[in-house]
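What follows is one structure encoded as structure tokens, with my remarks underneath.
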Amino acid sequence: MAEKAKKSSKLTPTRAENFPEWYQAVVKAADLAEMKHVRGCMVIRPWGLGMWEQIRRRFDEVIGELGVENVYFPLFIPLSYIQKEADHVAGFAKEMAVVTHHRLELDEAGQLVPAAPLNEPVVVRPTSETIIGESMKGWIDSYRDLPMLLNQWANVVRWEMRPRVFLRTTEFLWQEGHTAHETEAGALAESLQMHEVYRELAATWLAIPVIPGEKPASERFPGAERSFTIEAMMQDGKAVQAGTSHFLGQNFAKSADIAFSDRDGGRSLVWTTSWGISTRLVGAVVMVHGDDDGLRVPPLVAPSQVVLVPIARGGEDDARVLEACREMKRELETRSMKPGVTLRVRVDARDRRSVDRRWEWVRKGAPVVIEVGARDLDQGTVSAIRRDDLENRVEISIGDLSAALPALLEDIQASLLAQATTDLERRIRYDVVDLAGFEAHFEEPDAAFVVAPWCSSPECETVAADRWSVSIRCIPFDRAGEAGPCVICGVAGESAVWGRSY
RNA sequence: CGGGGAGUAGCGCAGCUCGGUAGCGCACCUGCUUUGGGAGCAGGAGGCCGCGGGUUCAAAUCCCGUCUCCCCGACCA
């Protein structure tokens, strides 16, 4: 019996059996999203979008405190705007969706065909540096207008060859911050500050430990002088770039001529930055925290943190049990896990067997599921299932619920971060020092990150990429000083994080 | 775009070799039983067997074409 229950709770396949397929199974089983209707595009379902909305809420709060204001720019960008920055064009040209017509007509066969070509085709934004730059040009006259700190929440389109739900989709949701500064130092400081915001968001809210660092030239954002990244390691050892922040120098200022009257009475170009996180983060949550029973959502970003499952037996008790659940919900919602973030509690009273409802929430990764029946009410206690420890139910007296739950959720949040951190620290390798060791390590399909010196030559990057599909994820900030012989060629270099990536 | 695999009920699959008009498990609906820790029995609904053409008395099955999806690479948040 127990064996049967245990066996059937597992997803097919398990992580060990086939990680990529497991990932897709979780996304489906947890009702996060579907790839449907259009190749590479997602239908994001409430439980998946809800996570993104929590991320969004938190991020808006943080950038609001930093003085960033939200704006919205058009989905379409004139081709002429895109054309202005050479590196930018080169970087995005291959994946741009282009709108060339503005009408459909029926042909002789009764098929709808595009008609009425546009004078100037427009592209669907792959990112908005160019169009926002064109506006900033008009909004910035003086150094007194700086810094200008803008952000937008938007969808963008990059026509990808190989889509993966959440991780790499043709259309995705993101925020893109765009700032303009009087000085180089101001812009650089901004990009580093946002980079740190991302690191903190990943660790604290998503319970994902990341390696902050700088991208090598080969992985820089098209048009950027410097790109900073937070790199997360999935359970299969592969990297996900979980957030990026770019110091754009004056590249976009030049191409859009964003100039201002400076303090000396002269004319200067602004220095700009851009930074973004996307719905990819939802995929990272799945791949970092998921287990063979399904998803595990960190409480701070869970659309519902506590799910109350009333047990109905078709008798007189049902109404009493349901009302008790509603009362618990009301009371729990007066409490907070973090200041200002009141608990999100759901009563799942759908007409389903209680066990089915419970397992559905386990699959979806709700942090805490509490079943409530008449017997519990009589005894004055309920038993809670915490998603990070399914084996051990937690007995809580009903009177203590609202006091106990914030702490329980904090504990779950902390334990998810601790597990992910332990996994990263246990698997990341600092002892790979030469090509033989490098090869031996990356022959394993689930090989984790290697931290080892790199001589800074593109040739060595190419060797790693061609032979093992390994790239330099970043030059980490915290070990940047450690020098040594390049792990590929032996020439002196500085420490880099090597790994396969999504 | 290269190399593999696969399209049959909502999900997972069998049937195809050897043509005979569609099945299993889960889910769903109804009834009865059971009753707080992934219930049992009985009944039921649900399919242009990816699409188009061909062969044939007859095609899920054979032939040709085509589309789509998945996995592994190259490109990327």
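Chain naming here is simple, since letters A, B, ... match the order of the sequence lines and numbering starts at 1 in each.
Side-chain contact between A:His178 and A:Met136 is present, with at least one heavy-atom pair separated by less than 4.5 Å.
A donor atom on one side chain and an acceptor atom on the other are not found under 3.5 Å apart for A:Glu190 and A:Thr273. No donor-acceptor contact under 3.5 angstrom links the side chains of A:Gln235 and A:Asp423, judged on distance only.
Base pairing analysis places B:rU17 opposite nothing; no Watson-Crick or G-U wobble pair with both distances below 3.5 Å involves it. Within the shown strands, B:rC1 is the pairing partner of B:rG73 under the Watson-Crick or G-U definition, both distances less than 3.5 Å. Pairing for B:rA60 is absent, judged as Watson-Crick or G-U wobble with the two contacts each under 3.5 Å. Using N1 to N3 plus N6-O4 or O6-N4 for Watson-Crick, or N1-O2 and O6-N3 for G-U wobble, each under 3.5 Å, B:rG46 pairs with nothing. B:rC24: Watson-Crick or G-U partner is B:rG12, with both key distances under 3.5 Å. Summarising the base pairing, B:rG38 is matched to no nucleotide, lacking a Watson-Crick or G-U wobble pair whose two defining distances lie under 3.5 Å.
In this structure, CZ of A:Arg350 is placed 11 Å from P of B:rC28, rounded to the nearest angstrom. In this entry the distance linking CG of A:Asp317 with C1' of B:rU35 reads 12 Å, nearest Å. Remark: C1' of B:rU35 and CZ of A:Arg357 are 13 Å apart, rounded to the nearest angstrom. Atom CD in A:Glu95 sits about 17 Å away from atom P in B:rC1, given to the nearest Å. Separating the CD atom of A:Glu21 from the C1' atom of B:rC69 is a distance of 12 Å, rounded to the nearest angstrom. Between the CG atom of A:Leu377 and the C1' atom of B:rG36 there is a distance of 12 Å, given to the nearest Å. Taking atom CD1 of A:Ile370 as the reference point, atom C1' of B:rG36 lies 15 Å away to the nearest angstrom. Per the geometry, NE2 belonging to A:His88 stands 14 Å off P belonging to B:rC76, to the nearest Å.
Across all strands, A:Glu160 comes closer than 4.0 Å to base atoms (heavy-atom distances). A:Glu219 comes within 4.0 angstrom of nothing in the nucleic acid, heavy atoms only. Across all strands shown, A:Phe172 has heavy atoms under 4.0 Å from base atoms, whether or not it also approaches the sugar-phosphate. Using a 4.0 Å heavy-atom criterion, one finds that A:Ser469 contacts the sugar-phosphate atoms exclusively. Using a 4.0 Å heavy-atom distance criterion, A:Ala374 is classed as a base contact. Residue A:Asn18 is out of contact with every strand shown, counting any heavy-atom pair closer than 4.0 Å. The residue A:Ser354 sits apart from the nucleic acid: no heavy atom pair falls under 4.0 Å. Contact annotation for A:Leu167: base contact, defined as any heavy-atom pair under 4.0 Å involving a base atom.
Residue A:Arg358 is the one, among A:Arg358 and A:Arg158, whose nearest nucleotide of RNA chain B lies closer to the 5' end (criterion: closest heavy atom). Nearest-nucleotide mapping onto RNA chain B: of A:Asp351 and A:Gly373, the residue sitting toward the 5' end is A:Asp351.
Residues A:Tyr81 and A:Phe76 place their aromatic rings such that the two centres sit no closer than 6.0 Å.
At B:rC76, none of the side-chain N or O atoms of A:Arg168 fall inside 4.0 Å of OP1 or OP2 (strictly under the cut-off). Between A:Gln24 and the phosphate of B:rC69, there is no side-chain N or O to OP1/OP2 separation shorter than 4.0 Å. Between A:Lys28 and B:rG12 there is a side-chain polar atom (N or O) within less than 4.0 angstrom of OP1 or OP2. Contact between the side-chain N/O atoms of A:Arg164 and the OP1/OP2 oxygens of B:rC72 is found at a separation under 4.0 Å. Between A:Arg162 and B:rC72 there is a side-chain polar atom (N or O) within less than 4.0 angstrom of OP1 or OP2.
The aromatic rings of A:Trp22 and A:Phe19 sit tilted, their planes meeting at an angle between 30° and 60°.
For the C1' atom pair drawn from B:rC69 and B:rU17, the interatomic distance equals 26 Å after rounding to whole Å. Rounded to the nearest Å, the gap between the C1' atom of B:rG31 and that of B:rG36 is 24 Å. A gap of 27 Å separates the C1' atoms of B:rC41 and B:rG47, to the nearest Å. Comparing the C1' positions of B:rG7 and B:rC11 gives a spacing of 15 Å, expressed to the nearest Å. With both ends at atom P, the span from B:rG19 to B:rU66 equals 27 Å, rounded to whole Å. Only the P atoms considered, B:rG10 is 12 Å distant from B:rG46, to the nearest whole Å. Nucleotides B:rU8 and B:rU55 are separated by 27 Å at their P atoms, to the nearest Å. To the nearest whole angstrom, the two C1' atoms, one in B:rC62 and one in B:rG20, are 14 Å apart.
Comparing atom distances between the A:Ile311 side chain and each of B:rA39, B:rA77, B:rG36 picks out B:rG36 as nearest. Checking B:rA77, B:rG36, B:rG38 against every side-chain atom of A:Ser278, the shortest atom distance belongs to B:rA77. Taking the side chain of A:Val355 as heavy atoms from C-beta on, and the options B:rC72, B:rG38, B:rA77, the nearest nucleotide is B:rG38. You'll find that the side chain of A:Arg363 is closest to B:rG38, out of B:rG38, B:rC75, B:rC71.
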Please lay out, stage by stage, how A:Phe252 and A:His246 fare under the test ring-ring contact (aromatic ring centres under 6.0 Å, His included).
CA-CA 12 Å; A:Phe252 287 91; A:His246 313 290; 9.7 Å; no
Under the criterion ring-ring contact (aromatic ring centres under 6.0 Å, His included), I'd like the reasoning laid out for A:Phe221 against A:Phe228: C-alpha separation, chi angles, the key distance, then a yes or no.
CA-CA 9 Å; A:Phe221 175 78; A:Phe228 305 104; over 10 Å; no
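Stacking annotation: A:Trp174 is not stacked on the base of B:rA77 (requires ring centroids less than 5.5 angstrom apart and an interplanar angle below 30 degrees).
Using a cut-off of 4.0 Å between Lys/Arg side-chain N and Asp/Glu carboxylate O, A:Arg296 and A:Asp388 are scored as not salt-bridged.
Between the A:His289 side chain and the A:Leu206 main chain, a donor and an acceptor come within less than 3.5 Å of each other.
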